[in-house]
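Take a look at the structure set out below.
All values derive from a computational prediction rather than experimental measurement. Each chain gets a letter, A, B and so on, in the order its sequence line appears, and its residues count up from 1. Below, all heavy atoms of this structure are taken into account, side chains as well, without hydrogens, waters or symmetry copies.
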2 protein chains.
Amino acid sequence: MVPKYSSSRENYVKAIFHLQEIHGTVTTNDVASEMQTRPASVTDMLKKLKAQKLLLYEKYKGFKLNTEGRKVALQIIRKHRLWEFFLVEKLRFGWDEVHEIAEELEHISSKKLIDRLDEFLGFPKTDPHGDPIPDSQGRYTISRQVDLLNLPVNQIAEVSSIGDQSVEILELLNHKHIALGTRLEVKKKFAFDNSLELKIKNQSTVTISEHVAKNVFVKYDDE
Amino acid sequence: MVPKYSSSRENYVKAIFHLQEIHGTVTTNDVASEMQTRPASVTDMLKKLKAQKLLLYEKYKGFKLNTEGRKVALQIIRKHRLWEFFLVEKLRFGWDEVHEIAEELEHISSKKLIDRLDEFLGFPKTDPHGDPIPDSQGRYTISRQVDLLNLPVNQIAEVSSIGDQSVEILELLNHKHIALGTRLEVKKKFAFDNSLELKIKNQSTVTISEHVAKNVFVKYDDE
DNA sequence: AATAAAATTTAGACAAATCTAAAAAATAAA
DNA sequence: TTTATTTTTTAGATTTGTCTAAATTTTATT
Ligand SMILES: [Mn+2]
Ligand SMILES: [Mn+2]
Ligand SMILES: [Mn+2]
Ligand SMILES: [Mn+2]
């Protein structure tokens, strides 16, 4: 079972996929900073991905994944998120410590393994950070959600995903007892710095900054 | 979590460990044929492993792992066998299809992951092929066992491990309904070619060659 | 002991992935 | 529309792991 693409190539494909989801178009510098590497290294890799027919790329003219490239990206994302789910649900890891490990596990090549894992986990729809898990054909659905800055005051809602997934923000949220599935409501908005006071169900009241609020997404039933 | 050793180095350490368990001393050609590579490549790697202080090596004088090298080898073997157990027990893989996948999974670096997996699996003592799983300190026990050629006629015994672990022999054993834990007895030994006739509990009688018999190990209570 | 055969190592090359420094192209500012 | 700045690419190295072919050392055979 020889892997079709090296781990390095897979990491590039995944990074490009995420960047083009957000910005539509992707730049060499974006990829370099996202991947903690040098622009020259990115250019080198772009040529290889183009040669492998995963990427539409003309030098100096920008680039994006083609259909095959997106398909590859979605399979890696599927593996990443299923492993994260496994680590949290079965091995009792915290949601803030699984990303790094999944970064390695996502490169295990067996398709049968990942489909069996999916089944074993009960075909979960979202990972521990609330992100959708593509099915074995790469299909997934995104549920409508709103960040905390845009949640009406006194509207009870449920945390459904986190934008920034750095260890730093996850650590902060952990400390304040905010996790996926947590039910909460905004009690007060301070116009001065856009900080918020939250009432967390069955917990005390906490304050969060605008920066944090922007990265916490919730779902709620608006009637 | 940067891995200390590359997958390639880990594969070499593991191969050397297995060879020195069997033969006491290891040769360049042994490693080359075990790993499907060239003697020159082995020599190259020996120098690297020596520089990394995992190996005692003087050129032309043979080599073996030092204490640190053995420790590393046992951790890789631990991971390999725990993942094999997981694949068979939790994901319903056949015992003859897990080796290849574990060959990749054994290189995932997180120590916490493997200790949590061990716990999740209930601290199993042996893998699906009957081989002992080292604990987190690298300790393990080997139970006394005998191959089928040396099992007394009419002595009921339980299959406890398989010597050769090629897909070919596992396929053959599968076909004849011989698996780990199978209870059986030798009914007849043919001196001509050392073939055996076995009675498998709750099954029909089957014939196996000397080659197969040498690779099937069993445990039994001798009073 | 001399020679032949086998095992092992070295020399030199190559592919993959990365880097630094410099050049080229595109974009922004004056 | 020149000039300056930023972005991107190229040129040339380096590291890791592998290979073939040739040289060296060890071991086995006359
Ligand atoms: Mn990765
Ligand atoms: Mn995630
Ligand atoms: Mn391996
Ligand atoms: Mn095994």
Side-chain angles (χ1 to χ4, degrees), chain A residues 2-16 19-20 22-65 69 72 76 103-104 106-107 109, chain B residues 1-16 19-20 22-65 69 72-73 76 103-104 106-107 109:
Chain A
V2 171
K4 250 182 177 160
Y5 312 103
S6 70
S7 294
S8 180
R9 279 156 146 85
E10 289 190 345
N11 286 335
Y12 273 95
V13 167
K14 190 169 58 125
I16 295 169
L19 291 169
Q20 75 183 27
I22 303 167
H23 302 104
T25 163
V26 193
T27 72
T28 303
N29 275 351
D30 278 355
V31 176
S33 83
E34 169 92 359
M35 298 194 62
Q36 312 252 65
T37 184
R38 296 297 176 160
S41 308
V42 175
T43 303
D44 288 343
M45 185 56 84
L46 294 178
K47 291 178 190 167
K48 292 169 193 163
L49 296 179
K50 186 190 179 181
Q52 228 163 149
K53 296 196 192 306
L54 298 177
L55 194 71
L56 303 168
Y57 168 63
E58 300 286 345
K59 64 179 176 173
Y60 292 111
K61 296 275 181 64
F63 51 91
K64 62 179 173 186
L65 296 174
V72 170
I76 305 162
E103 206 53 50
E104 287 183 57
E106 70 189 357
H107 304 293
S109 61
Chain B
M1 199 156 295
V2 173
K4 252 183 177 160
Y5 312 103
S6 70
S7 294
S8 181
R9 278 154 146 83
E10 290 190 345
N11 287 335
Y12 274 95
V13 168
K14 190 170 58 125
I16 295 168
L19 290 170
Q20 76 184 26
I22 303 168
H23 302 105
T25 163
V26 192
T27 72
T28 304
N29 275 350
D30 278 354
V31 175
S33 83
E34 169 91 0
M35 298 194 64
Q36 313 252 63
T37 184
R38 295 302 175 151
S41 308
V42 175
T43 303
D44 287 343
M45 185 55 84
L46 294 178
K47 290 178 190 167
K48 291 169 193 161
L49 295 179
K50 185 191 180 180
Q52 228 164 148
K53 296 194 192 307
L54 297 176
L55 193 70
L56 302 169
Y57 167 62
E58 300 288 344
K59 64 179 177 173
Y60 292 110
K61 299 273 182 65
F63 51 91
K64 62 180 174 186
L65 297 174
V72 169
I76 304 161
E103 206 51 50
E104 286 184 56
E106 70 188 358
H107 304 292
S109 60

Sequence-distant partners of E34(A), salt bridge (charged side-chain N to carboxylate O under 4.0 Å, His left out), two or more places apart: none
Spacing between Q36(A) atom CD and dC19(C) atom P, to the nearest angstrom: 11 Å
Which residues share a side chain to side chain contact (heavy atoms under 4.5 Å, CB included) with S8(A), sequence neighbours left out: S6(A), Y12(A), M45(A)
All side-chain hydrogen bond (donor to acceptor under 3.5 Å, both in side chains) counterparts of K14(B), not counting sequence neighbours: E103(B), E106(B)
Rounded distance in Å - CE (M45(A)) to P (dC19(C)): 11 Å
Under 4.0 angstrom between T37(A) side-chain N/O and dC19(C) OP1 or OP2: yes
Using the 3.5 Å cut-off, write out each protein N or O paired with an N or O of nucleotides 7-11 of chain C and the distance between them.
unit_1  : atom_1 : unit_2 : atom_2 : d
dT8(C)  : OP2    : N29(B) : N      : 2.9
dT9(C)  : OP1    : Y57(B) : OH     : 2.6
dT9(C)  : OP1    : Y60(B) : N      : 3.0
dT9(C)  : OP2    : T28(B) : OG1    : 3.2
dT9(C)  : OP2    : T43(B) : OG1    : 3.0
dT9(C)  : O4'    : Y60(B) : OH     : 3.4
dT10(C) : OP1    : K59(B) : NZ     : 2.7
dT10(C) : OP2    : K47(B) : NZ     : 2.8

With sequence neighbours excluded, residues passing salt bridge (charged side-chain N to carboxylate O under 4.0 Å, His left out) with E10(B): none
Integer-rounded Å distance: dT14(D) C1' and R38(A) CZ: 16 Å
Side chain to side chain, V13(A) and Y5(A), heavy atoms closer than 4.5 Å: no
Hey, can you pull the donor-acceptor pairs under 3.5 Å for the side chains in residues 52-65 of chain A, sequence neighbours left out?
none

